[in-house]
Amino acid sequence: MNSTRQAAAPERIERPQSAGVPADHPGVTELFALLAYGEVAAFYRLTEEAKMAPNLAGRINMGLMAAAEMRHFEMLRDALERRGVDVVPAMTRYANALENYHRLTTPSTWLEALVKTYIGDALAADFYLEIAHALPEEVGEVVRGVLAETGHSQFVVAEVRSAVAASEKQRHRLALWSRRLLGEAITQAQYVLAERDELVDLVMAGGEGLTELAQFFDRLQETHRTRMAELGLG
């Protein structure tokens with residue numbers, strides 16, 4: 001995940017506020033832990049991918065986003081500590097799923113890195129924001145704060161749109177890459193949910209069981225299509 005996630009978020013259809021879950025629901029701790037590992041993993045990924053930038057401006061923008069990741073991690077660490085939870089062992093439970101996602105979606109070019117930054121990580125944000133409607137206010141504030149727009153992402157849109165406008169081949173290649181990001185993100189999200197019933201409770205809070213879960217993934221795909229269009233890949 002990273003700090004560009006909210007920049008591309010399409011206008012959402014308002015969902016009815018569910019009865020929600022209590023603040024001490026075990027799924028809240030799991031959600032914070034999952035987010036925390038995502039922030040750390042994104043920091044190291046952005047730092048590494050900044051080396052692919054063709055110019056100093058690109059490296060600076062990636063560096064700024066990486067710095068935002070660690071600020072978000074600190075917010076989550078503090079939230080977990082207030083719940084009496086040690087962040088390191090808690091978040092390590094999610095290492096396999098998130099590292100697998102990054103391993104399977106390692107970009108080979110600067111443009112692929114930009115598309116992953118804008119689209120791939122935004123899919124993760126959609127996952128968390130879909131859950132947020134069921135959270136008590138004090139918990140939802142932490143989640144929204146971690147996913148807040150930091151203002152560094154528009155350079156991604158400009159660079160990718162310029163590249164695909166100049167090359168139909170590049171557009172097709174990046175569109176395929178974008179669809180791969182979607183597939184891998186959904187696969188790993190399903191893996192995490194299969195392993196953690198507490199998170200499934202958050203997804204389905206106030207919903208209709210498996211129907212709600214299917215609709216949850218349908219909404220992720222819809223927001224993904226919007227982002228592809230914004231990058232000129234639709």
Side-chain angles (χ1 to χ4, degrees), residues 1-9 31-81 87-88 90-129 141-163 174 177-178 180-182 184-185 188-189 192 224 227 230-231:
M1 295 181 292
N2 79 36
S3 55
T4 65
R5 289 167 294 203
Q6 285 295 91
L31 177 62
F32 284 171
L34 175 57
L35 278 164
Y37 194 92
E39 298 299 330
V40 172
F43 168 80
Y44 285 109
R45 178 180 62 79
L46 287 166
T47 302
E48 185 65 24
E49 291 172 5
K51 300 173 185 177
M52 304 171 72
N55 52 48
L56 180 59
R59 291 192 291 275
I60 289 171
N61 277 304
M62 282 292 204
L64 289 169
M65 288 188 287
E69 300 297 350
M70 293 311 293
R71 291 194 296 272
H72 293 159
F73 166 77
E74 290 170 348
M75 292 173 58
L76 291 158
R77 178 201 61 200
D78 294 347
L80 284 166
E81 287 179 352
V87 64
V88 173
M91 72 181 190
T92 301
R93 292 194 290 269
Y94 296 100
N96 285 342
L98 290 169
E99 293 302 330
N100 281 340
Y101 170 73
H102 287 305
R103 177 178 57 82
L104 293 168
T105 59
T106 301
S108 59
T109 68
W110 172 241
L111 286 173
E112 285 185 359
L114 292 180
V115 171
K116 180 179 177 180
T117 296
Y118 198 68
I119 287 183
D121 295 335
L123 286 166
D126 290 339
F127 176 91
Y128 302 125
L129 291 173
E141 283 182 3
V142 174
V143 174
R144 287 186 288 272
V146 169
L147 301 178
E149 164 61 33
T150 58
H152 302 307
S153 63
Q154 288 308 306
F155 88 100
V156 175
V157 177
E159 286 205 33
V160 174
R161 289 187 72 91
S162 176
L174 292 176
W177 172 244
S178 176
R180 178 178 170 187
L181 292 171
L182 172 66
E184 295 296 347
Q188 296 307 318
V192 167
H224 172 74
R227 291 192 181 93
E230 288 166 345
L231 290 176

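Atom CG of residue Leu76 and atom OH of residue Tyr37 lie 14.5 Å apart, to the nearest 0.5 angstrom. Note that CD of Glu230 and CD1 of Ile119 are 8.5 Å apart. Values are rounded to the nearest 0.5 Å. Considering NZ of Lys116 and OH of Tyr101, their distance stands at 5.5 Å, rounded to 0.5 Å. Here the straight-line distance linking atom OG1 of Thr47 with atom CD of Glu69 works out to 9.5 Å at 0.5 Å rounding. Note that the CD atom of Glu39 and the CE atom of Met70 stand 9.0 Å from one another [nearest 0.5 Å]. Distance check, rounded to the nearest 0.5 Å: CD of Glu112 to OG1 of Thr109 gives 4.0 Å.
Considering all non-hydrogen atoms of both residues, Ala53 and Gly58 come closest at CB-C, 3.8 Å. Residues Ala36 and Val87 approach most closely at CB-CG2, 4.0 Å, considering heavy atoms. Minimum heavy-atom separation, Ser178 to Val115: CB-CG1, 4.4 Å. The shortest heavy-atom contact between Met52 and Ser108 is CE-C, 3.6 Å.
Applying the salt bridge (charged side-chain N to carboxylate O under 4.0 Å, His left out) rule to pairs touching residues 90-104 yields Glu30-Arg93, sequence neighbours excluded.
Using a distance-only test at 3.5 Å, with no hydrogens or angles considered, a donor-acceptor pair links the side chain of Thr117 to the main chain of Ala113. Judged by distance alone, with hydrogens and angles left aside, the side-chain atoms of Arg59 form no donor-acceptor pair with the main-chain N or O of Pro54 at under 3.5 Å.
Residues Leu35 and Val142 form no side-chain contact, since every pair of their non-hydrogen atoms from C-beta on lies 4.5 Å or further apart. At least one side-chain heavy atom of Asn100 sits under 4.5 Å from a side-chain heavy atom of Gln188. By the 4.5 Å heavy-atom criterion applied to side chains, Tyr44 and Glu49 are not counted as neighbours. Side-chain contact between Trp177 and Thr105: present, with at least one pair of heavy atoms (C-beta onward) separated by less than 4.5 Å. The closest side-chain heavy-atom distance from Phe32 to Val143 is below 4.5 Å. Inter-residue side-chain proximity for Val157 and Tyr118 is flagged as met; some heavy-atom pair is nearer than 4.5 Å. Met62 is listed as a side-chain neighbour of Leu114, based on a closest heavy-atom distance under 4.5 Å.
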Inset, instruction - Would you check, one step at a time, whether the test side chain to side chain contact (heavy atoms under 4.5 Å, CB included) holds for Met75 with Arg71? - result: CA-CA 7 Å; Met75 292 173 58; Arg71 291 194 296 272; 6.0 Å; no

Inset, instruction - Take Phe43 and Glu48 through the side chain to side chain contact (heavy atoms under 4.5 Å, CB included) test and state the conclusion after the steps. - result: CA-CA 9 Å; Phe43 168 80; Glu48 185 65 24; over 6 Å; no

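No hydrogens or angles considered: a donor-acceptor pair under 3.5 Å links the side chains of Glu159 and Trp110.
Glu184 is linked by a salt bridge (Lys or Arg N to Asp or Glu O under 4.0 Å) to nothing, counting only residues two or more places apart in sequence or in another chain.
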